[in-house]
Amino acid sequence: MAEFDATSGRRVLVTGGAGYIGSHTCLELLQAGHHVTVLDNLCNSSLESLKRVESLAGRSLTFMQGDIRDFELLRRVLVGPNNECPAFDAVVHFAGLKAVGESVSQPLAYFDNNLSGTVCLLRAMTEAGVKTLVFSSSATVYGDPASVPISEDFPRSATNPYGRSKLVIEDMLADLYRSDPAWRIARLRYFNPVGAHVSGLIGEDPSGAPNNLMPYVSQVAIGRREYLQVFGGDYPTPDGTGVRDYIHVADLASGHLAAIRALWQADSQTGCLLTVNLGTGVGVSVLDLVKAFERASGRPVPYRIVARRAGDVAACYANPVLAQTLLGWRTQRNLADMCADAWRWQSRNPHGYRQAAATGGA
Ligand code: NAD
Ligand code: UFG
């Protein structure tokens with residue numbers, strides 16, 4: 001009997017595919033020969049990202065503007081126009097709100113969007129018989145870890161509503177798998193995604209002042225902001241600043257491909273529930289990143305050390321070995337690549353996708 005070919009030609013629904021990580025993953029999926037449908041309500045993204053994905057891939061995808069909380073829409077999409085049921089071989093689920101601070105001031109918006117939205121998606125998938133799912137979890141589920149590097153069996157906790165939404169969804173998925181072992185589920189815990197596609201055509205496009213370090217540093221280097229505030233210089237780390245595991249978004253995208261392949265290869269009777277860290281295993285301090293960015297961009301990044309940011313932990317980096325063992329995946333790009341690619345994206349698109357949308361070009 002011919003071996004099942006999981007390497008191309010499968011149909012994948014990507015929720016939140018117009019966003020930062022989703023757009024890079026759509027590109028990987030198209031380049032691997034899969035048929036991609038994106039469902040996104042564009043609440044934190046623009047269609048321009050997907051136009052650029054298509055031009056990079058030289059192939060088109062299907063876009064549907066819609067909300068994952070719209071059960072009827074999801075059911076229709078998942079069973080297909082002719083009720084061919086199931087119309088997809090897998091779902092990659094990125095759609096969600098992700099700003100930690102906003103989740104503290106608007107917890108219900110986060111529970112509604114992330115939790116109700118995911119319940120709605122899972123109900124529609126169940127009805128359509130699509131039981132292969134890759135879910136975007138986060139290193140945030142480790143809370144303040146007792147030690148580093150962090151392995152998947154470390155205790156989990158939530159320190160804010162965003163983190164709680166990830167934790168509850170992880171548990172929902174485990175319950176679902178226990179109830180029906182036909183499910184094949186990967187819970188991917190991302191560490192700190194940064195960087196952009198090497199072409200400089202797609203990248204991270206935060207609206208307003210960035211919350212995260214790399215986009216903030218990029219905007220200082222390009223002159224949109226005067227200086228970086230380094231949150232805390234007195235952590236118990238080698239230089240006193242916070243240490244994180246920055247992972248290139250293109251490596252993260254290839255991690256999703258590896259996870260989908262692993263799910264497709266799993267037994268469809270007994271299913272599987274995979275939980276893996278996607279990180280490099282390398283701890284990088286805020287000042288390490290600033291210096292690497294200055295080297296990559298040739299621009300100064302002025303900074304001032306200020307008080308710690310509430311809720312931050314001193315150090316958070318992955319033990320990445322399980323992903324290597326279970327998915328045969330490891331990161332390929334280093335901090336210099338992350339900074340060079342973030343800078344290329346920032347310098348070619350100083351106002352992100354908005355400028356291109358306004359002028360009709362990159
Ligand atoms: P993003 O905001 O760029 O992408 C999310 C996409 O989902 C956006 O295009 C948005 O328009 C869409 N969306 C949101 N709510 C929706 C809804 N109800 N219906 C349809 N579409 C909706 O974020 P990202 O950085 O690409 O993150 C993707 C996923 O990865 C999120 O679930 C996020 O929580 C998770 N994650 C991100 C990070 C990070 O640092 N970027 C870290 C860990 C986990
Ligand atoms: N930092 C600064 N100045 C800034 C922004 C950040 O010094 O302007 C520091 C932070 O204090 C921290 C490090 O840079 O030490 C990284 O901060 P980010 O905000 O970039 O990332 P976090 O580690 O706080 O959190 C990110 C996402 C979370 C996700 C987590 C793990 O925002 O949603 O990574 O994946 F859960």
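Note that the coordinates shown come from a computational prediction; the quantities given were computed from them, not determined experimentally. In each ligand, atom 1 is the first atom listed, and ligand 1 is the first ligand listed. Computed over heavy atoms, backbone and side chain alike; hydrogens, waters and symmetry mates excluded.
- Heavy atoms of Tyr190 found under 4.0 angstrom from ligand 2 belong exclusively to the backbone.
- Closest to atom 34 (O) of ligand 1, if we only count protein heavy atoms, is Tyr162 OH, 2.7 Å.
- In summary, Arg308 and Asp234 engage in a salt bridge, as defined by a charged side-chain N under 4.0 Å from a carboxylate O.
- Inclusion of Ser137 in the set of residues having an N or O under 3.5 Å from an N or O of ligand 1 is not warranted.
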Can you give the donor-acceptor pairs under 3.5 Å from side chains of residues 290-297 to other protein atoms, not counting sequence neighbours?
unit_1	atom_1	unit_2	atom_2	d
Glu294	OE2	Val301	N	2.7
Ser297	OG	Phe293	O	2.8
Ser297	OG	Arg299	N	3.1

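- A salt bridge between Arg354 and Asp205 is present, with a side-chain N of the basic residue lying under 4.0 Å from a carboxylate O of the acidic one.
- By heavy-atom distance, the residue among Gly22, Gly17, Gly96 lying nearest atom 14 (C) of ligand 1 is Gly96.
- Between Phe191 and ligand 1, no pair of N/O atoms sits closer than 3.5 Å.
- Within ligand 2, the atoms closer than 4.0 Å to a non-hydrogen atom of Val230 are 7 (O), numbered from 1 in the order shown.
- Ligand 2 places these atoms under 4.0 Å from at least one heavy atom of Phe191: 31 (C), 35 (O).
- The option from Asp40, Val14, Ile21 that lies nearest to atom 37 (C) of ligand 1, judged by heavy atoms, is Ile21.
- Partner of Ser137 under the side-chain hydrogen bond (donor to acceptor under 3.5 Å, both in side chains) criterion, chosen from Arg187, Glu170, Arg189: Glu170.
- For the residues Tyr246, Phe231, Tyr216, Tyr235, the heavy atom positioned nearest atom 16 (C) of ligand 2 is part of Tyr246.
- Nearest residue to atom 16 (C) of ligand 1 from Ile247, Asn41, Leu74, Val38 is Asn41 (criterion: closest heavy atom).
- Arg156 and Asp171 are joined by a salt bridge, as a carboxylate oxygen and a charged side-chain nitrogen come within less than 4.0 angstrom of each other.
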